[in-house]
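Following: one structure in structure tokens, then a few remarks.
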Amino acid sequence: MTDFTRALRRLALILPAVLLAPQPLLAQEPAPPTPQHLTPAGGTPWIYEGSDVPRDEEWIFGELPNGLRYAVRSNAVPPDQVSVRVRIDAGSLHEDESELGYAHLLEHLLFRESKYLGPAEAIPTWQRLGATFGSDTNAETSPTHTVFKLDLPNVDAGKLAESMKLLSGMVRSPVLSDANVQAEVPIVLAEKRERGGPAERAGNASREVLFAGQRLATRSPIGTEATLGAATGASVSAFYRRWYRPENTVVVAAGDIDPQQLAAEIEAWFGDWEGEGALVPAPDFGDPVAPAGADPTNPVGEIGVVVEPDLPRSFTYAVMRPWRPVQDTVAYNEGLLRDALAQALINRRLESRARAGGSYLYAQVSQDDVSRSADMTFVNFAPLTGDWKSALDDIRGVIADALATPPSQEEIDRELAEFEIVFTSQVEQRRVLPGPRLADDIVNAVDIREAVAAPETVLMVFNSMRETITPERVLEHTRALFAGDVIRAAYVTPEAGEASEAAIRAALGETIAADAEARITAQAIAFDDLPAVGEPGEVVAQAPIGVLDIEQVEFANGVKAILWANDAEPGRVAVKVRFGTGYRAFAPDEAVYANLGYAALIGSGIGELGQEELDVLATGRKFGFDFQTGDGAFSFYAQTREQDLEEQLYLFAAKLAMPGWDPNPVIRAKAAGKLAYESYGANPNGVLQRDLEYLLRDQDPRFQTPTPAMFDAATPAGFREVWEPLLEQGPVEVLVFGEFDKAATIEALRKTFGALDQRETAPAEVLERAIDFPDAGETVIRRHRGDANQAAAVIAWPSGAGVDGLRESRRLEVLVSLFNNRLMEAMREHAGASYSPVVRSDWPSDVDSGGRIAALAQLRPEDVPVFFAEAERIAQELASTPVGEDEYNRVVEPLRQYVSRASTGNLFWLYQLEGATVDPRSIADLRFLLADYTQTDPGVLQALAQKYFGSRAGWRLAVLPEGQELATASGPASAGEGR
């Protein structure tokens, strides 16, 4: 096994010239002193106060005299990056009635202008520092907090100081003027508009029922048009002064730099911050309370029936208890694990019933502490038909049995084995946990008022809990999960009159008999008892590919494998299998079966083994079985580990050699497809999801989203007739990247993929099936049934495809990034017309057609012509005028940092090399990868724009509300009438 450090992996991207090196920004203040406010040796860090959970020694904690708390640690995943989180203990639950939406509005305003950043300077400044807006630089607002996030690449002392300075200016000294509020409110309203529609209405109505009488019932972070429209600099400043103060702030930093330096920077830039006025305590969020007269043994309270014709059925009922802060002790966490075990046992029984063809599509039990407002046990399910009561009774029958009788020891052992593999894997992978995740873990722990634990501690707590588990103790925890102060329910249905509050209340008030038939008795199955794939194959070729220590192995049956054994990511092995010809394999009338493959192919089993038996085989192992249909190939994918790799390879190979054809997964997938179809028309985004690929591929029937009638016509027999020959097609390519023994894996491949029969070659007419692009002409119109202020627009141009143009596809990504920045500025910053316009380039490498550049946005119907005009203007400007140096560097530097970070992981190399056994030219092109992204000069970008934009108009799609026509007037985005 080769030891390639993450830093060395980046050097494998051989560059033909010296990289461009933009001058980094440097803080002007002197270097900060040594941190003075760390938790002293032997002291208790603030996050562990009142807890006996063993401290994670990799974290260093501190608390400033002004009340601000912080946590820092060293972490080199990815290399040279620091992840910073600034959490403010203020969310939508902290808002007064006149301030609804202010917490989220402030999140926006802090990015608009602050002490060290002028108007609209935040995004370009972070880009110059190498951070991509939206992924590396972002924020979130929840009911309980607001968090500002920065993942800073290519960090050094100067860049860290500058970034901490900028963050401190944003948090401590935003410019909350009337002008900035008036500029940002339209953008927030655009975000609100894009979220709106039936799903938002149903979510709000359900929340009002489930949290009746509590602040959470009426406080969505997005706010209301009335309160946002009334916001002023003074009113937003009042909210800011009340909550944005050091006592309510936690700063977290994890990265590839001395943690003492991280702590010193936090102290330097936040140490002299003082809140204005007296500290205001958080408001009382309220408790769930049963209505007067409720039966204390079954306290059914508020019920809601929400009718939304465009949404599928979904039923939620919850057993609710007041939320209270806890002492986060080892004993408390053992109890949480017992609760999780009780839920897992019920969920496996519910899933087994659904697989067998029950009255519901899915059902799940889960416990959650929601926004420090309630401790809740949820039961969520989707009835298959309007007979919601039968589904409810079936599910309650399964739960009643779990409440009446202890589980079997066999069931307990099975779930414990599943838990153990998760916790053991976390320990194995501890040193490759990414910094952003570690920083987020601290933020989440602070939000729920609990401590943070190292993976070894979690495993220790699990083992200590495991020793105390008995069936009777699981029964005790199950009963506690379903005991509470009040039971509330919300049912979303497309049919008026299908249910009433009285009928649901009566149903929940009934005593349901325990359904003992739901219990699962698993038959003993072992891999050693399963049939061999075939006679082990022979290796006919084995050689390095010329990149790092990656090898290609070829077997006598034509199967080829690409292997990279390395220990850069302990405990992880990624496996991808590519076979057949993907969408090319389907005839025009087989779209419904192409669609059903994603949901039903894996579930239909292997040989005589159905999904239940495969689950038994997976017990105590780390398996995956994802399936995708690509333009040029089908693929299986899994994340596994070395000790389970041979069995994982067997499962993949056996699916090709001896597939099972259980009809139930097909029937279930048909039901799911029919239930989802009507919801596509509920809003513009749903219409895009349903129709865009079909339209961009010139209405190729293979890419049509199946209609309910098409699902009705599909049969399990037809599914098998289509898919059985496709599983027999070649070529087959296996990629294995991660920590494994190479010799042992080649032997495992000999017994599995090397043992397959010679694969059939797809007919020539299949391989030659092209993907066409529609002709530009009149704007294509589609309509949705959602809100009258919602629309979407797409403009697209054909591009290229295939390995021949791989280098051009990378350069095109640079051009598209420039396009994306300009379009966002035009549509979001100048007009508030769209919250998140986006431009994408798709260049399929395993087929020779189907590439395109597409820009899309959700916006107001009257702004659709503005979008088209702005997109065409930007396309033509890119074709006619070379981009300037600063704008160029603001795109190239984030791309450089993205590639540099991504190339330290195994999946980066796996994705770059998939398909290389079929067309090895992609291997040679790897040496130009970073140069293509970072050294494509403005002249080349202009030539690309001329090639793809300069001589043709874009194809256009507008998704409008029913009853509206496409507006004909267009103008600059800054017009913005109607806001």
Side-chain angles (χ1 to χ4, degrees), residues 578-598 627-635 687-707 710 722-723 725-726 729-731 733 761-777 779-780 782 794-813 815-816 838-856 911 914-916 918-919 921-922 944 947-949 951-957:
R578 290 166 53 89
F579 65 94
T581 55
Y583 271 109
R584 293 176 296 177
F586 296 105
D589 62 349
E590 294 175 341
V592 66
Y593 293 113
N595 181 280
L596 288 170
Y598 173 77
F627 172 74
Q628 295 288 338
T629 299
D631 287 332
F634 303 105
S635 65
V687 173
L688 293 178
Q689 184 180 350
R690 184 191 67 199
D691 293 344
L692 184 57
E693 284 299 312
Y694 172 64
L695 293 172
L696 281 174
R697 296 168 189 254
D698 202 23
Q699 301 186 44
D700 187 324
R702 293 174 295 167
F703 299 95
Q704 181 182 4
T705 299
T707 64
M710 294 168 68
V722 168
W723 278 102
L726 300 186
Q729 285 186 0
E733 174 185 88
T761 301
E765 62 268 21
V766 169
L767 297 176
E768 293 168 2
R769 284 174 181 161
I771 299 171
D772 295 326
F773 189 86
D775 293 332
T779 300
V780 177
R782 289 289 186 271
V794 179
I795 185 168
W797 297 264
S799 63
V803 174
D804 267 344
L806 207 52
R807 295 193 63 193
E808 182 159 297
S809 75
R810 298 168 189 156
R811 295 166 180 151
L812 204 55
E813 292 281 359
L815 180 66
V816 164
V838 65
V839 188
R840 296 193 180 102
S841 171
D842 291 292
W843 186 292
S845 60
D846 52 4
V847 291
D848 293 325
S849 59
R852 77 284 182 117
I853 303 161
L856 61 92
Y911 293 147
E914 61 177 317
V918 176
D919 192 336
R921 289 175 296 172
S922 60
L944 281 175
K947 177 178 179 180
Y948 291 110
F949 305 138
S951 59
R952 69 189 87 187
W955 173 88
R956 302 180 179 194
L957 165 69

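Between atom CD of residue Glu808 and atom CG of residue Leu815 there is a gap of 10.5 Å, rounded to the nearest 0.5 Å. With rounding to the nearest 0.5 angstrom, the CG atom of Leu957 is 9.5 Å from the CG atom of Leu856. Atoms CG and CD, from Asp691 and Gln699 in turn, are 9.0 Å apart once rounded to the nearest 0.5 Å.
Here the closest heavy-atom approach between residue Ala916 and residue Glu733 is recorded as N-OE2, 3.4 Å. Shortest non-hydrogen contact noted between Ala591 and Pro706 is O-CG, 4.1 Å. Between Arg584 and Arg702, the shortest heavy-atom contact is CA-NH1, 3.4 Å. Nearest heavy atom pair, residue Pro774 against residue Leu696, reads CD-O, 3.1 Å. Between Gly954 and Ala776, the shortest heavy-atom distance links the atoms O-CB, 3.9 Å. Looking at every heavy atom in both residues, Gln729 comes nearest to Pro763 through NE2-CD, 4.4 Å.
Put simply, the side chain of Asp846 reaches to within 4.5 Å of the side chain of Arg578, judged on heavy atoms. In this structure, Ile771 and Phe703 have side chains that are in contact, with non-hydrogen atoms separated by less than 4.5 Å. Residues Glu813 and Trp843 form no side-chain contact, since every pair of their non-hydrogen atoms from C-beta on lies 4.5 Å or further apart.
Annotation: Arg952, atom CZ; neighbour count of heavy atoms from other residues, nucleotides and ligands within 6.0 Å is above 12.
Screening Ser845, Ser849, Pro844 for a side-chain contact (heavy atoms from CB on, under 4.5 Å) involving Asp631 leaves a single residue, Pro844. Of the candidates Phe579, Tyr583, Tyr598, Phe579 is the only one forming a ring-ring contact (aromatic ring centres under 6.0 Å, His included) with Phe634. The only member of Val592, Thr581, Val722 that meets side-chain contact (heavy atoms from CB on, under 4.5 Å) when paired with Phe586 is Val722.
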Identify each donor-acceptor pair in which a side-chain atom of residues 794-806 lies under 3.5 Å from a protein atom, sequence neighbours left out, and give them as a table.
from   : atom 1 : to     : atom 2 : distance (Å)
Ser799 : OG     : Arg852 : N      : 2.9
Asp804 : OD1    : Arg921 : NH1    : 2.2
Asp804 : OD2    : Arg921 : NH1    : 3.4

Apply side chain to side chain contact (heavy atoms under 4.5 Å, CB included) to the pair Gln689 and Thr705, showing each step before the final yes or no.
CA-CA 9 Å; Gln689 184 180 350; Thr705 299; over 6 Å; no
Intermediate values then yes/no, side chain to side chain contact (heavy atoms under 4.5 Å, CB included), Ile853 and Phe949:
CA-CA 10 Å; Ile853 303 161; Phe949 305 138; 3.9 Å; yes
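Partners of Phe773 according to the ring-ring contact (aromatic ring centres under 6.0 Å, His included) rule, which considers only residues two or more places apart in sequence or in another chain, do not exist here.
In summary, Arg769 and Asp700 do not engage in a salt bridge, as defined by a charged side-chain N under 4.0 Å from a carboxylate O.
Between the side chain of Trp955 and the main chain of Leu695, no donor-acceptor pair closer than 3.5 Å is present.
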